[in-house]
Colleague: 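Structure provided below as structure tokens; questions to follow.
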Amino acid sequence: MALEQEIQQTKFANEHHKMAINVMFTSGCLYHGHAVRLKKLSVTLEQRNVLRILRGRHPQQLMLADITCRMIDRSSNATRLVEKLRVKGLVTHEPCATNRRQVDIGITARGLALLKKLDVEVDARVNALRGISGQEARELNRLLHKVRASTEG
């Protein structure tokens, strides 16, 4: 369905305005679709992102600042996310042996096992995007990079 029909708006200030609205609306659609699948396993997209970051460095541990700078949504409260994951037994949270002010965070075996289940859910959602060819996906990625580059600063 066309953006105009989806949001019931027929006029935009210009094509760039429409593009910005379209990117935000599409982002929301993708986010919601993933969130619904992950909710079944009692995990948010932001929590999954933290688990993926930790899995990528496993068995090494990371500082909170290292996790934050790798997150998709950097406005999320990484401290709160890590604490929720720690309470669920999915991550470890230990004082650093060499710097008392630093906390080292790692993923547990339980976190790795849950992440495998989450991957299945997300992969099913991503596979729904197969209607877009590889070439189209590369072009969209290039354009989205260009959008991000033009908004920096």
Side-chain angles (χ1 to χ4, degrees), residues 1-9 16-94 96 102-152:
M1 184 181 301
L3 177 66
E4 291 85 354
Q5 292 171 315
E6 291 274 2
I7 66 171
Q8 300 176 24
Q9 179 177 335
H16 289 91
H17 181 254
K18 180 179 176 180
M19 174 195 66
I21 299 295
N22 203 349
V23 168
M24 289 185 281
F25 182 75
T26 303
S27 173
C29 290
L30 288 169
Y31 182 93
H32 179 72
H34 281 74
V36 167
R37 286 184 170 275
L38 298 186
K39 188 175 184 178
K40 294 186 280 185
L41 295 167
S42 301
V43 176
T44 66
L45 272 169
E46 294 80 8
Q47 290 171 345
R48 176 182 178 264
N49 187 211
V50 171
L51 291 172
R52 287 187 71 234
I53 291 165
L54 291 170
R55 177 178 61 186
R57 294 299 299 252
H58 184 71
Q60 290 179 298
Q61 296 179 321
L62 291 172
M63 294 184 301
L64 190 62
D66 293 328
I67 293 170
T68 302
C69 74
R70 290 172 169 84
M71 291 178 65
I72 293 171
D73 180 3
R74 294 184 184 136
S75 67
S76 295
N77 184 333
T79 302
R80 181 181 51 81
L81 293 170
V82 167
E83 180 56 18
K84 286 184 176 189
L85 292 168
R86 187 194 65 76
V87 169
K88 292 178 181 183
L90 303 174
V91 301
T92 59
H93 183 269
E94 304 166 351
C96 176
Q102 179 181 317
V103 177
D104 292 331
I105 303 157
I107 190 167
T108 64
R110 186 173 170 188
L112 289 168
L114 176 61
L115 200 48
K116 280 186 182 181
K117 292 177 186 175
L118 297 172
D119 288 344
V120 170
E121 292 296 325
V122 171
D123 287 349
R125 183 74 181 157
V126 171
N127 284 335
L129 299 173
R130 295 288 182 202
I132 296 172
S133 72
Q135 182 179 350
E136 290 169 325
R138 278 187 294 281
E139 179 64 9
L140 181 55
N141 284 327
R142 185 188 70 76
L143 291 170
L144 290 172
H145 173 73
K146 194 172 182 178
V147 168
R148 282 192 312 280
S150 69
T151 60
E152 293 174 356

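Residues: numbered from 1 along the sequence shown.
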Colleague: Could you tell me if Q60 and R57 have a donor-acceptor pair between their side chains, going purely by distance under 3.5 Å?
Modeller: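 Q60 and R57 do have a side-chain donor-acceptor pair below 3.5 Å.
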Colleague: Please determine whether side chain to side chain contact (heavy atoms under 4.5 Å, CB included) holds for the pair M63 and V103, giving the CA-CA distance in whole Å, both sets of side-chain angles, and the decisive distance to 0.1 Å.
Modeller: CA-CA 6 Å; M63 294 184 301; V103 177; over 6 Å; no
Colleague: Looking at every heavy atom in both D73 and N49, which two are closest together, and how far apart are they?
Modeller: N-OD1, 4.5 Å
Colleague: Keeping D66 on the side-chain end and L62 on the backbone end, is there a donor-acceptor pair under 3.5 Å?
Modeller: no
Colleague: So, does S27 use its side chain to make a donor-acceptor pair with the main chain of V23 at under 3.5 Å?
Modeller: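 Answer holds: no.
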Colleague: If the condition is side chain to side chain contact (heavy atoms under 4.5 Å, CB included), which residues does T68 pass it with, not counting sequence neighbours?
Modeller: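 Once residues adjacent in sequence are excluded, the partners of T68 under the side chain to side chain contact (heavy atoms under 4.5 Å, CB included) criterion are L64, A78.
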Colleague: Around atom CG of L41, are there more than 12 heavy atoms of other residues, nucleotides or ligands at under 6.0 Å?
Modeller: yes
Colleague: Quick one: closest heavy-atom pair of L51 and L115, and the distance?
Modeller: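 Result for this residue pair: O-CD2, 3.5 Å.
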Colleague: I need the K40 NZ to L118 CG distance, nearest 0.5 Å.
Modeller: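 If we round to the nearest 0.5 Å, K40:NZ and L118:CG are 11.0 Å apart.
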Colleague: What pairs with S42 under side-chain hydrogen bond (donor to acceptor under 3.5 Å, both in side chains), at least two apart in sequence or on another chain?
Modeller: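 Residues passing side-chain hydrogen bond (donor to acceptor under 3.5 Å, both in side chains) with S42: none at all.
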Colleague: Report the C-alpha distance between K18 and E4 in whole Å, list the side-chain angles of each, state the deciding distance to 0.1 Å, and finish with yes or no for side chain to side chain contact (heavy atoms under 4.5 Å, CB included).
Modeller: CA-CA 9 Å; K18 180 179 176 180; E4 291 85 354; 2.5 Å; yes
Colleague: Which value, rounded to the nearest 0.5 Å, describes the distance between H16 atom NE2 and I21 atom CD1?
Modeller: 14.0 Å
Colleague: Please report the interatomic distance CZ(R37) to CG(L45), rounded to the nearest 0.5 Å.
Modeller: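 These two atoms lie 12.0 Å from each other.
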Colleague: Taking the side chain as every heavy atom from C-beta outward, state whether Q47 and L90 have any atom pair closer than 4.5 Å.
Modeller: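 Not touching, per the 4.5 Å side-chain cut-off.
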Colleague: Hey, does Q61 have a side-chain heavy atom less than 4.5 Å from the side chain of E94?
Modeller: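 Result yes, sub-4.5 Å side-chain heavy-atom pair found.
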Colleague: So that I can tick it off, tell me whether R80 and E83 are bridged by a salt bridge, with the cut-off set at under 4.0 angstrom between side-chain N and carboxylate O.
Modeller: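 Looking at E83 and R80, the cut-off is not met.
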Colleague: For R52, does the CZ atom sit with more than 12 other heavy atoms under 6.0 Å from it, leaving out its own atoms?
Modeller: no
Colleague: So which atom in T92 and which in T108 form the shortest heavy-atom distance, rounded to 0.1 Å?
Modeller: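 Closest pair (atom of T92, atom of T108, distance): CG2-CG2, 3.7 Å.
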Colleague: Can you tell me how far the CG atom of L85 sits from the CZ atom of R48, to the nearest 0.5 Å?
Modeller: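 Between L85 CG and R48 CZ, I get 12.5 Å after rounding to 0.5 Å.
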Colleague: More than 12 heavy atoms of other residues, nucleotides or ligands under 6.0 Å from NZ of K88: is that the case?
Modeller: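 More than 12 heavy atoms, drawn from other residues, nucleotides or ligands, come within 6.0 Å of this atom.
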Colleague: How long is the span from the CE atom in M71 to the CG atom in L81, to the nearest 0.5 Å?
Modeller: 5.0 Å
Colleague: Write down the atom of L54, the atom of I105, and the distance for their closest heavy-atom approach.
Modeller: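 Heavy-atom minimum between the residues: CD2-O, 3.4 Å.
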Colleague: Report yes if the side chains of H58 and L112 come closer than 4.5 Å at any heavy-atom pair, otherwise no.
Modeller: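 Counting from C-beta outward, H58 and L112 do come under 4.5 Å.
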Colleague: Using only atom types and a distance under 3.5 Å, with no angle test, would you say the side chain of N127 pairs donor to acceptor with the backbone of D123?
Modeller: yes
Colleague: If you draw a 6.0 Å radius around CD in Q135, do more than 12 non-hydrogen atoms from other residues or ligands fall strictly inside?
Modeller: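 At most 12 heavy atoms, drawn from other residues, nucleotides or ligands, come within 6.0 Å of this atom.
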Colleague: Closest approach of S76 and E46, non-hydrogen atoms and distance?
Modeller: OG-CG, 3.3 Å
Colleague: Between the side chains of D119 and R55, is the shortest nitrogen-to-carboxylate-oxygen separation below 4.0 Å, so that they form an ion pair?
Modeller: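 Looking at R55 and D119, the cut-off is met.
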Colleague: Could you measure the distance from the CG atom of L3 to the CE atom of M24? Nearest 0.5 Å is fine.
Modeller: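 Reported value, rounded in 0.5 Å steps: 10.0 Å.
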Colleague: Please check: side-chain N/O of H145 versus main-chain N/O of N141, any donor-acceptor pairing under 3.5 Å?
Modeller: no
